[in-house]
Amino acid sequence: MTSKNFDDRALPPGQLEAPAPSHDLLNAIRGMKPVRTRTRFGALAAVALVGLIWPALVLTLHAYRPDLAALPLGWVVVAAALWGAAFVLSLTAALVPRRGDVLPAPGRASRVGGVALAGLFAFALAASAQVPGVSLRPEDAHLTLVQSCVHCASFVLEIAVPFLVVGLYALRRLVPMGRARIGLALGAAGGAMGGFVLHFICPFAGTAHVVLGHVGGTILAAAAGAALLPALLRRRS
Amino acid sequence: MIAALHSYRLDRRPPLGSSLAPRVAVVASAATVYLLVPWSVAVDPEATEAAEVMGRYCRGDAAAFHRLYALLAPRLLAYLFGLLRDKAAAEDILQVTFLKVHEARSTYVLGANPIPWMYTIAHRTFLDEVRKRKRNRVQLTKDGTLQAEPAADLTGVPVEAGQDEAARPDPAAAAVALAALHQLPENQREALLLTKVHGRSTAEAAMIAGTTQGAIKQRAHRAYVTLRGLLSKPDGASPGPAPRPAAEKEPS
């Protein structure tokens with residue numbers, strides 16, 4: 001036997017004679033009733049609807065940042081679109097199966113979540129905007145940079161929590177494999193929504209604050225999703 | 001901090017109508033399509049039949065369950081046997097897999113291909129079984145003796161299953177090949193089994209194993225390289241006896 005024999009032709013699809021269904025299985029089938037099946041976008045709609053309540057309330061009730069009107073409109077729109085796109089793409093990748101599939105694809109979810117995080121990080125690093133004299137610095141609010149970052153990162157995590165909780169419920173039977181990857185995308189989506197809200201309400205516009213506080217909070221949310229989803233689903237199963 | 005945030009309220013929202021917004025929307029839509037839509041949607045008659053049968057099963061048709069079982073149980077069993085090399089355990093996991101499919105049938109998306117989904121459930125059940133086995137390392141039969149592993153040929157078919165002698169590969173060569181296969185790390189073995197033996201696409205194999213397509217391709221390639229190394233040794237240098245399947249790190 002050489003390696004030449006061990007190619008595709010030497011490995012035909014294995015066919016074993018399967019045993020008859022067990023008694024337990026037959027009993028379960030005997031009492032079977034029709035079930036209502038899932039739709040591809042059902043979980044996405046449910047998680048988005050429930051998860052968006054809290055961010056919408058914050059945006060409605062909270063004061064906007066003082067420099068919003070003074071900032072270049074194009075930058076405001078592009079930055080908001082990036083945060084929004086990161087949210088939509090990550091959430092979709094985490095919850096929506098590809099056409100013809102039953103389960104969301106973990107590899108695609110982690111790839112989309114990772115690309116979204118990298119894009120946000122690069123944009124915040126390269127294209128932060130502030131208006132001297134109008135945009136606030138942490139010192140103006142008697143805070144250190146670290147304190148302001150911790151505050152915003154914890155805010156991002158607060159916004160991400162409903163997405164993680166509702167997402168976990170929606171995914172309870174949908175992620176047999178690749179739970180950490182799906183959790184990463186779900187956390188990134190929640191974090192991106194937190195960043196989207198902060199884009200309109202956070203008065204600090206410095207690059208260091210946005211990168212560490214806003215994008216850092218989003219990365220923390222993604223890490224929390226990647227760590228929590230496997231642990232909680234394993235405990236449940 | 002909160003007070004500082006509250007002290008700034010704008011009287012009006014900035015106008016959002018700008019020529020930039022439609023461009024951003026177009027780019028975002030294109031990115032969504034690129035990332036979410038599969039590039040090639042092949043029509044697989046087997047998948048079509050499985051989807052149709054699964055649809056009837058979800059509507060409560062017991063005959064459809066039996067058809068689905070006849071359609072997929074042999075290949076799931078062969079896959080599990082390839083991973084475990086223990087026919088009795090593979091049969092047990094097969095039954096648990098179908099029970100799980102029955103319980104989870106409400107999560108099925110009508111019209112979708114159920115085959116990769118069922119492989120994924122089988123794979124999850126296999127990992128749970130391996131974890132359980134790790135806790136109970138010694139497995140005894142009812143009369144208190146150690147279980148003997150059934151002999152198997154290259155295709156994963158047990159010798160006692162009774163197949164055409166002419167169609168059966170050379171037993172010595174098959175033993176060497178199986179021993180080599182079972183010397184591979186678990187993740188490489190599963191990638192090779194899924195893509196080369198069971199004919200799953202890399203996308204399906206990635207979903208079943210819970211990883212990326214790139215990782216599946218890399219694992220399958222590494223498995224080939226290792227197998228070539230093991231099998232190109234002189235006849236006297238057999239890969240040796242196959243080790244018991246060991247639980248490796250669960251793919252995340």
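This is a predicted model, so every value here is computed, not measured. Reminder, nothing fancy here: chain letters follow the sequence lines and each chain counts from 1.
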Engaged part of [X] at the chain B interface, taking heavy atoms whose separation is under 4.5 Å:
| X | answer |
| --- | --- |
| A:Ala86 | neither |
| A:Ile182 | neither |
| A:Pro138 | neither |
| A:Leu174 | side chain |
| A:Asp140 | neither |

With a 4.5 Å heavy-atom cut-off, do [X] and [Y] have their side chains touching?
| X | Y | result |
| --- | --- | --- |
| B:Phe65 | A:Leu25 | yes |
| A:Leu103 | B:Pro116 | no |
| A:Glu17 | B:Pro74 | no |

At what distance, to the nearest 0.5 angstrom, does [atom1] of [X] lie from [atom2] of [Y]?
| X | Y | atom1 | atom2 | value |
| --- | --- | --- | --- | --- |
| A:Arg108 | B:Thr212 | CZ | OG1 | 13.5 Å |
| B:Gln213 | A:Arg111 | CD | CZ | 6.5 Å |
| B:Thr211 | A:Arg181 | OG1 | CZ | 4.0 Å |
| B:Leu99 | A:Ile29 | CG | CD1 | 8.0 Å |
| A:Asn27 | B:His102 | CG | NE2 | 10.0 Å |

Looking at [X] and [Y], what are the two nearest heavy atoms and their distance?
| X | Y | value |
| --- | --- | --- |
| A:Pro19 | B:Tyr69 | O-OH, 2.7 Å |
| A:Ala105 | B:Met207 | CA-CG, 4.3 Å |
| B:Gly210 | A:Pro106 | CA-CG, 3.9 Å |

Taking B:His123 for the side chain and A:Met177 for the main chain, is one N or O donor matched with an acceptor at less than 3.5 Å?
->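 Judged by distance alone, no pair lies under 3.5 Å.
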
Against chain A, label B:Ala203 side chain, backbone, both or neither, depending on which of its atoms sit under 4.5 Å from a heavy atom there.
->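 Looking at B:Ala203, backbone and side chain both touch chain A.
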
Go through the atoms of B:Ile208 and report whether side chain, backbone, both or neither lie under 4.5 Å from a heavy atom of chain A.
->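 Contact with chain A: backbone only.
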
Winner by heavy-atom pair count (cut-off under 4.5 Å) against chain A, out of B:His66, B:Glu204, B:Glu91 |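 Highest number of heavy-atom pairs under 4.5 Å: B:Glu91.
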
Partner chain B: residue of A:Leu184, A:Val102, A:Leu26 with the largest heavy-atom pair count (under 4.5 Å) =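 The candidate making the most pairs under 4.5 Å is A:Val102.
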
Using a cut-off of under 4.5 Å for heavy-atom pairs, which of A:Gly84, A:Ala80, A:Ala20 has the most such pairs with chain B?
->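 It is A:Ala20.
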
